[in-house]
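The next block holds one structure in the form of structure tokens; read it before the comments.
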Amino acid sequence: MQDEALFPLLSAMAAVYAAEPREEAGRTARLLVEQGPMHLGDRYPNDAVLAEMAAALDASDHPALAAIRAGLHLMPWGDNPVAAQVGAAGDVYVVCTLMGPDGPIPSDDLRMGLFWQRPGTYYPLHAHDADETYVILAGDAEWTAGDDTRLRGAGEAIHHPSLMPHAFHAGDRGFLALWRWSGDVNTHSYTLLPDPKAAVAA
Ligand SMILES: [Fe+2]
């Protein structure tokens with residue numbers, strides 16, 4: 001039986017993507033509600049990270065958050081599709097993947113999931129072939145997308161075209177975001193880039 005928190009969770013995320021004016025965002029929204037699985041995968045065992053995340057969520061009033069908070073325990077936190085390339089730089093965040101070639105919601109040309117970056121940490125410049133949109137649900141970050149660096153907060157959607165370098169310096173509460181890939185969603189092109197800010201923030 002599907003957990004009673006799962007459908008509201010998938011529907012809340014679909015509503016976020018239905019508001020993004022891109023064809024691939026609309027397809028992602030439809031897949032979430034039409035192909036939603038009975039289970040999303042193994043649960044992430046780190047209660048300390050979940051507690052840290054919950055504190056940030058409590059400070060946000062994003063409309064998707066009630067359903068996401070109720071379903072946080074259902075998500076397969078810790079499943080990072082680029083774990084092999086990101087190495088120690090990945091210690092500052094945790095990811096769950098909800099859609100992609102390996103599921104749990106199968107798609108050959110779309111990936112999506114949730115991303116949590118820990119308070120005050122820096123995720124250095126990186127890039128990949130896929131087009132990407134992040135939607136911040138809670139917390140904030142000084143966000144670099146190409147030549148544009150500025151503070152981004154809950155409710156903001158940031159689009160990275162293919163190969164655009166991006167980096168995030170999380171605020172004091174950290175931040176929770178939805179991430180979505182489309183186009184060429186291969187993971188082998190994911191690359192960490194030279195970043196002078198990385199040494200300062202480390
Ligand atoms: Fe990215």
Side-chain angles (χ1 to χ4, degrees), residues 13 16-17 20-25 27-29 31-32 53 56 64 68 75-103 105 107-171 174-198 201-202:
M13 294 189 288
V16 173
Y17 289 127
E20 184 185 342
R22 293 185 176 87
E23 182 273 338
E24 57 273 25
R27 282 200 295 128
T28 303
L31 266 183
L32 276 167
M53 208 181 291
I68 288 175
M75 298 180 195
W77 289 105
D79 175 16
N80 182 358
V82 296
Q85 295 100 308
V86 74
D91 291 347
V92 302
Y93 67 83
V94 291
V95 172
C96 68
T97 300
L98 304 182
M99 181 182 297
D102 301 319
I105 301 174
S107 174
D108 290 335
D109 65 341
L110 299 170
R111 294 181 190 267
M112 67 81 53
L114 280 128
F115 175 93
W116 164 253
Q117 187 170 325
R118 305 193 67 204
T121 61
Y122 186 64
Y123 181 5
L125 278 174
H126 55 285
H128 39 72
D129 286 344
D131 295 292
E132 178 175 60
T133 298
Y134 275 88
V135 179
I136 300 177
L137 301 172
D140 55 26
E142 184 184 73
W143 199 282
T144 295
D147 295 330
D148 181 3
T149 297
R150 58 183 138 140
L151 187 67
R152 304 284 200 164
E156 291 198 67
I158 306 106
H159 185 66
H160 308 136
S162 174
L163 299 177
M164 174 182 275
H166 44 288
F168 325 132
H169 194 164
F175 74 92
L176 179 71
L178 286 167
W179 60 271
R180 183 185 66 69
W181 276 16
S182 60
D184 187 343
V185 298
N186 78 75
T187 55
H188 61 76
S189 64
Y190 174 98
T191 308
L192 285 167
L193 303 170
D195 185 345
K197 288 186 178 176

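When a ligand or atom number is given, it counts from 1 through the structure's own listing order.
None of W143, Y123, W179 except one satisfies the ring pair (Phe, Tyr, Trp, His ring centres under 6.0 Å) rule with Y134; the exception is W143.
Judged by distance alone, with hydrogens and angles left aside, the side-chain atoms of H159 form a donor-acceptor pair with the main-chain N or O of E132 at under 3.5 Å.
Closer than 2.8 Å to the Fe ion (ligand 1) sit the protein N, O or S atoms H128 NE2, E132 OE1, E132 OE2, H166 NE2.
Here Y190 pairs with H126 under the ring pair (Phe, Tyr, Trp, His ring centres under 6.0 Å) rule; sequence neighbours left out. Scored by the salt bridge (Lys or Arg N to Asp or Glu O under 4.0 Å) test, R180 finds E20 as partners (sequence neighbours excluded).
Y93 and F168 have their aromatic ring centers separated by at least 6.0 angstrom.
Evaluation of the salt bridge (Lys or Arg N to Asp or Glu O under 4.0 Å) test over residues 107-116, restricted to residues two or more places apart or in two chains, returns R27-D109.
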